[in-house]
Structures are given as C-alpha cells and as structure tokens.
Amino acid sequence: MIRLEHVRIALAGIAHNTLRSILTMLGILIGVGSVIVLVAVGTGSAAAVQRTIEGLGTNLLQINRQFAFGAFGRATTGTLSRSSNLTASDVRALEDRSANPDIVAVAPVVNVPSVTAVFQGASYSPALFVGTTSAYQQIKDYRVAEGNFFTDADETQHNRVAVIGQTVATNLFGNTDPVGNVVRFNGVSYQVIGLLAVKGTNGAQDQDDIVIAPLSAVQDTLTGYGASYSSIVVEAASPSRQSAAQAEITATLEQTHHIAAGSPDDFRILNQASLLQTTQSSSRIFTTLLGAVAAISLLVGGIGVMNIMLVTVTERTREIGIRKAIGAKRSDIMAQFVVEAILLTAIGGLLGVFAGVVGSRFTILGIHPIIADYSIFLAFGVAVVTGLFFGLYPASRAARLLPVEALRYE
Amino acid sequence: MTSVESGVPVLRLWRVTKTYGEGASAVQALRGISLVVHRRDYVAVMGASGSGKSTLMSILGCLDVPTSGRYLLDGIDVEALDDDEIAEIRNRRIGFVFQSFNLLPQLTAVQNVELPLTYAGVRRAERRRRAENALAAVGLAHRLHHRPATMSGGERQRVAVARAIVAEPSLVLADEPTGNLDSSATAEVLDVFAQLNEVGRTIVLITHEADVARHAKRIVRIRDGRIVDDVRLAPIEAAPPRPGLPGHQVSGAAP
Ligand SMILES: Nc1ncnc2c1ncn2[C@@H]1O[C@H](COP(=O)(O)OP(=O)(O)OP(=O)(O)O)[C@@H](O)[C@H]1O
Ligand SMILES: [Mg+2]
C-alpha cells in the first residue's frame with residue numbers, strides 16, 4: 001500500500017537527483033510528443049486525401065471499358081472489342097430515368113491525349129483534356145470562378161469553346177484574364193469561356209491541370225468520331241443510392257452490350273466509395289508507417305530512461321540497503337520507487353502530450369496535423385509502462401537483496 | 001527483576017557459522033560462534049582484520065543470515081521470521097551504527113534520524129520531535145538541518161548514532177563506529193554509548209582499539225571466526241567504565 005510518506009520520500013528522491021530526473025523526463029517527453037505529432041501528421045494527410053477525393057464530385061460513378069481476358073477461353077479480338085465500346089446509345093440508355101431511377105446525370109467523356117495549347121507564344125500541355133457534355137460539371141462538382149461553363153447549346157451547335165483550370169490558366173496567361181481569349185489546342189482555335197475554381201491536388205494529380213470542351217467540337221476537331229468514349233461518368237441520386245445506381249448501370253449496359261447472364265462484363269464501374277476505401281487503406285499504411293517511426297523514438301526514449309535508471313543503480317542499491325537496514329519493508333522500497341517512476345514518467349508524459357498537442361497546431365510539410373485521441377493515450381501509456389518497468393526492475397532486484405549485499409555495492 | 005542474568009537474553013547464538021561463496025573459493029568467516037548477551041550489557045568485540053567481526057555483527061543485526069546454527073533475538077528465532085517481520089525487528093529492536101555512517105546524502109540530519117520512525121509509521125510531528133531529542137542527546141541540537149556532506153566525521157557518526165537510538169531499540173550494534181574518527185570525536189561517540197548503556201540499552205560494539213574496548217563491560221575476542229577470549233571488566237548492573245582516552249578528558253565523566 002502506498003502512503004503519503006512514500007510520496008514524500010519519492011519527491012525528495014526526484015528533487016535530489018535533478019539532472020537524472022530531467023533527463024528521464026526529457027526522454028519520455030520527446031518520445032510521447034513525437035508519437036502524437038507524427039500520428040497527427042498521418043491522420044491529417046489521410047483526411048486531406050479524403051477531402052480531395054470527395055471533392056472529385058459527389059456520388060460519382062465512372063464506367064470504363066474492360067477487356068475480359070481468358071474467361072471460358074474467349075478471344076480478345078473481333079466481336080469482343082466491338083461490343084466493349086462505350087457509345088452514345090449506352091449514354092441514352094443510362095439517361096432513361098424509368099430504367100435507372102437512381103441516376104440523376106450521365107456524361108460521356110473523351111480524353112484527348114497529348115494536347116498542346118498555345119496562346120500568344122506561350123505554350124503548355126495540360127495533363128487532361130476532356131471532351132464531354134455540360135452534365136459533366138455537375139457530376140464532377142466543378143465550380144466556375146469566372147465566366148461560364150459551356151451549355152447544351154454549345155454542345156449541339158458544336159461551338160469551339162473551352163473551360164480551363166487554374167494551372168492551365170497560369171501557365172498560358174500568366175496574370176492576364178483568360179476568359180474571352182482564344183487558345184489554339186493542337187492548332188485548333190477554341191475560345192476560353194470559363195475559368196474553373198481551384199480544386200487542388202488529390203494527392204496523385206493536380207485537378208486544376210485540365211481543359212474541358214464540348215464533346216461535339218472535340219470530336220469534330222481533335223479526336224474524330226471514334227468507336228468508343230474513354231469513359232462515362234454518372235451521378236447517383238445520393239451517396240446511399242450508389243450501389244443501387246451501380247446495379248442499374250450494370251443491368252442497362254449488359255442489355256445494350258448483349259452480355260448473357262453469368263458471362264463476364266466488358267465494362268468496369270468505379271464508384272467513389274471504393275475509391276475512398278483504397279485511399280483510406282493506403283493512408284492507413286502511411287499513418288502506420290509514421291506511427292512506427294514514432295514508436296521507435298518512443299523506444300529510444302525508453303532506452304534512455306533505462307540507461308539513466310541503470311547508471312544510478314549503484315547509488316540506489318546502497319540507498320536501498322540503508323533503508324532496509326533501518327527497517328524499511330520490501331513493500332516500502334517498492335512503493336517509493338513505484339511512486340518515483342510514476343511521477344517521473346507521468347510528468348514527462350504529460351509534458352510530452354502538451355508538446356505534441358502544441359506541435360500539431362503547426363502545418364508540417366504542407367499537412368495540417370489532426371490529433372488522433374488514441375495516439376495520446378497510447379503514447380502516454382507506453383511511456384509510463386516503460387518508465388515503470390525500467391525504474392522498477394533495478395529497484396525490485398535491489399529490494400530483494402539482503403541489506404548486507406545491498407550495502408556492499410560501492 | 002532481581003538478577004539481570006535471569007531474564008531472557010537479548011542475544012543467544014549457538015554454533016553460528018557463516019560461509020561466503022561455494023566450492024574451492026568458499027571462505028569460512030564464522031566457524032561456530034556461541035554467545036549469550038544479557039540486557040544492559042556493554043560488549044566490545046575485538047579481533048584482527050578478517051577475523052569475522054563484521055560478519056558476526058551483520059548476523060546479529062539481521063542484515064545477513066547465518067549459514068548454520070541458531071540465533072535467538074529476545075528469545076525469538078530469527079530464522080523462522082518472514083521478510084516483513086525481520087524488517088520490523090531491524091526497525092524497532094535494533095539500532096545499527098556503521099563504520100561508514102551510511103547516512104542518506106540527500107537528507108538533512110534530522111530527516112536521516114527520522115527515517116526509522118517513518119518506517120515505523122510514526123506521525124510527522126511526533127517524528128520530528130523525537131528526532132530532535134535524539135540529536136540533542138548526541139549533542140547535535142544545533143546541526144538539525146545540515147546535510148551529511150557539510151558535517152565533520154564525528155558529527156556524522158553522532159547523527160548515525162541518533163538514528164540508531166531514535167526508535168528506542170533495546171539493542172544497539174555498532175561496527176567500528178569510531179574507526180574513522182579522531183580521538184576527540186571518538187570520545188564524543190563513546191560518551192553517547194555510555195549514557196545509552198546507563199539508561200538500560202544493551203550495546204555491542206566492534207573495535208580495533210584497546211582504548212575504545214576498555215569503555216565496555218565485557219570484551220569478546222575473535223580469531224579466525226572463533227571466540228578465543230571472553231573477559232568481563234565490569235558487572236552488568238554497574239555503570240559502564242569511563243576510563244577516558246589517552247590525552248583526552250572525557251567530557252561527561254562522573255566526578
Ligand atoms: N561478501 C563476502 N564474500 C566473500 N568473502 C567475504 C565477504 N565478506 C567477508 N568475507 C570474508 O570473510 C572474512 C571475515 O570478514 P569480516 O568482514 O567479517 O572481517 P572483519 O573482522 O570485520 O575485518 P575488518 O576488521 O577488516 O573489518 C574475511 O576473510 C573476508 O574476506
Ligand atoms: Mg569489519
């Protein structure tokens with residue numbers, strides 16, 4: 001049992017060995033603080049990635065072509081490549097509200113590879129050049145900062161207009177206002193009618209490095225009327241309707257593509273939920289990695305504590321011998337050292353929590369750290385256990401010695 | 001109590017041996033010590049270096065255990081006691097004074113002296129009062145809040161003696177308490193022991209010096225772990241002899 005006296009004795013011990021106490025607390029402080037900060041950085045970056053993915057567009061489903069290999073020995077030529085095309089009739093079928101009640105918008109997408117944009121001597125190759133319909137804006141949740149997005153009329157009239165992202169605007173126009181100017185894409189003139197609001201990076205790519213133009217004009221001038229769209233993007237009625245929408249898409253496309261029940265599909269549907277899942281698991285790995293680095297620093301702190309405790313074991317062993325010789329029970333000795341170790345590690349740990357929380361308020365490598373509650377309890381708990389173990393182990397060994405043996409330590 | 005000899009002896013040893021180590025390197029420090037010490041006696045243990053005096057003293061003080069033989073303290077067989085009970089005996093019945101003082105450097109004189117009372121569960125105010133009295137009894141009332149490092153050897157040893165007597169043990173054991181002290185500091189410490197013995201404490205003291213041993217009522221000589229001589233200088237019930245040290249006047253000597 002621990003009495004007030006044990007606390008007094010322990011406090012006197014801590015005060016007497018000032019340097020040792022400070023070093024011990026410092027080791028624990030650094031360990032605990034870095035665990036909290038590093039886990040917060042991991043959590044913060046995971047949250048940032050998630051935010052940008054959500055920013056891709058709410059309730060987004062994307063249909064890609066898929067070449068089914070090998071199933072039942074089917075060849076990957078001829079009929080198959082024809083039937084796997086994503087076509088205008090697929091889009092029309094998906095737009096049928098009665099067959100697809102959970103779909104609110106559909107847009108075909110044609111990606112134009114390696115486009116070079118030129119404006120008054122400046123030239124730039126945007127990462128993405130998309131030909132699509134006006135529904136694309138709503139589906140992908142693009143906001144316009146200046147000017148307008150193109151309309152259905154632009155699409156039907158094959159107007160050569162384009163909306164550009166901030167990155168493209170900066171590279172082509174510098175500080176001049178892009179809206180109203182004419183840019184040549186692979187030599188074809190388009191008028192810029194809108195500037196997209198900044199979306200930022202989604203971790204892998206810059207979402208502002210994009211040009212969007214009406215599909216009809218793009219097919220007229222850049223790609224020609226190919227057999228298939230690159231993809232079709234679909235907006236579900238709500239996040240909870242995503243799987244229903246996905247089922248409707250599957251049913252509709254299996255019909256238009258004449259796929260028998262049980263045969264493998266020649267298309268693939270990516271939904272945002274699965275995308276989120278993938279990135280969540282990858283950011284979990286990132287956080288775990290950071291946590292492991294932090295755990296190592298906690299371990300190093302623990303070894304520091306152990307070192308200091310062991311170095312002073314001679315002095316402490318003699319002290320234990322003296323205390324036992326004048327009547328201290330084994331439990332008195334243990335109580336003294338338990339309290340001492342707990343005070344040292346708890347004070348060090350609390351300072352570490354404080355340092356970690358303060359440190360996490362700063363932006364680190366462009367990431368806003370988000371403190372994970374579990375990291376505080378985990379780091380603090382591990383620190384206290386480490387300190388307790390390394391503080392108590394030498395003490396308990398010494399407390400078991402006969403007083404003569406402890407006193408012989410020199 | 002008509003005769004002191006009739007009570008239960010404070011110490012009773014029967015064929016106590018102590019062997020350090022094992023096999024070829026084993027050292028037989030005690031080779032069968034049988035000894036009886038009664039209440040109020042004042043025994044000086046003498047012997048050459050390595051004869052086993054400290055070993056004997058550690059066993060008497062329950063700081064170590066004998067390899068064989070029996071040891072009864074106030075009639076209690078120490079071997080039968082568990083760890084906590086032995087701790088209580090060290091705390092209440094025995095006051096131990098070491099040659100090297102063994103004070104805790106981080107504590108002041110009065111805090112060092114309080115320590116046995118702390119482990120006895122005595123309340124703080126009471127503890128402080130008794131510690132101050134004990135320090136006054138060894139003539140250190142003016143050194144209460146000094147740390148050991150700032151005190152002379154004689155003062156430190158007197159603090160250690162105060163610590164040994166603060167819990168009012170019936171038995172005081174001192175292993176060469178004057179070994180590190182000059183003659184005036186030695187006189188101070190012997191004076192304290194004489195007073196303690198006069199008020200009824202049993203004292204066993206180890207010394208190399210014949211001048212110190214002359215202050216006891218009985219001298220036991222040890223050689224190679226055996227008692228070779230046991231002489232009585234004064235009867236148990238008498239006051240302890242105060243022959244004084246050569247070239248030094250004993251301060252508290254009776255006229
Ligand atoms: N821990 C130990 N391990 C092994 N041998 C020991 C140990 N302690 C004492 N001895 C041996 O036991 C013998 C008796 O030692 P002890 O310390 O009792 O002698 P002493 O009479 O107190 O000597 P001194 O007058 O020098 O203090 C010595 O030979 C010593 O070397
Ligand atoms: Mg000795």
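- Residues A:Ala328 and B:Ala87 approach most closely at O-CB, 3.8 Å, considering heavy atoms.
- Listed here is the closest heavy atom pair of A:Gly327 and B:Tyr119: O-CB, 3.8 Å.
- Atom OG1 of residue B:Thr118 and atom CG of residue A:Asp332 lie 9.5 Å apart, to the nearest 0.5 angstrom.
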Which donor-acceptor pairs under 3.5 Å do the side chains of residues 60-68 of chain B make with protein atoms, sequence neighbours left out?
from, atom 1, to, atom 2, distance (Å)
B:Asp64, OD1, B:Lys18, NZ, 3.2
B:Thr67, OG1, B:Thr19, N, 2.8
B:Ser68, OG, B:Thr17, OG1, 2.6

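- More than 12 heavy atoms of other residues, nucleotides or ligands shown are found within 6.0 angstrom of NE2 on B:His146.
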Determine, step by step, whether A:Lys329 and B:Asp84 satisfy the salt bridge (charged side-chain N to carboxylate O under 4.0 Å, His left out) criterion, reporting the C-alpha distance in whole Å, the side-chain angles of both residues, the deciding distance to 0.1 Å, and the verdict.
CA-CA 6 Å; A:Lys329 296 189 171 79; B:Asp84 281 3; 5.6 Å; no

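- When the heavy atoms of residues 91-102 of chain B are compared with those of chain A, the residues falling under 4.5 Å are B:Asn91, B:Phe98, B:Ser100, B:Asn102, listed by number.
- At a heavy-atom separation below 4.5 angstrom, chain A is approached by B:Arg124, B:Arg127 within residues 122-140 of chain B.
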N/O donor to acceptor pairs below 3.5 angstrom from side-chain atoms of residues 333-342 of chain A, sequence neighbours left out:
from, atom 1, to, atom 2, distance (Å)
A:Gln336, OE1, A:Arg323, NE, 3.3
A:Gln336, NE2, A:Glu319, OE2, 3.1
A:Glu340, OE1, A:Arg316, NH2, 3.0
A:Glu340, OE2, A:Arg20, NH2, 3.1
A:Glu340, OE2, A:Arg316, NH1, 3.1
A:Glu340, OE2, A:Arg316, NH2, 3.4

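- In this structure, no portion of B:Ile89 lies under 4.5 Å from any heavy atom of chain A.
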Could you please spell out the steps behind the side chain to side chain contact (heavy atoms under 4.5 Å, CB included) verdict for A:Arg318 and B:Leu104?
CA-CA 9 Å; A:Arg318 243 189 113 69; B:Leu104 290 182; over 6 Å; no

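- The 12-atom threshold is exceeded at CZ of A:Arg330, counting heavy atoms of other residues, nucleotides or ligands nearer than 6.0 Å.
- Chosen from A:Ile9, A:Leu402, A:Val404, the residue pairing most often with chain B at heavy-atom distances under 4.5 Å is A:Val404.
- The CD1 atom of A:Ile322 sits 6.5 Å away from atom CZ of B:Arg163, with the distance rounded to the nearest 0.5 Å.
- Counting non-hydrogen atoms of neighbouring residues, nucleotides and ligands closer than 6.0 angstrom, the CZ atom of A:Phe377 reaches no more than 12 such neighbours.
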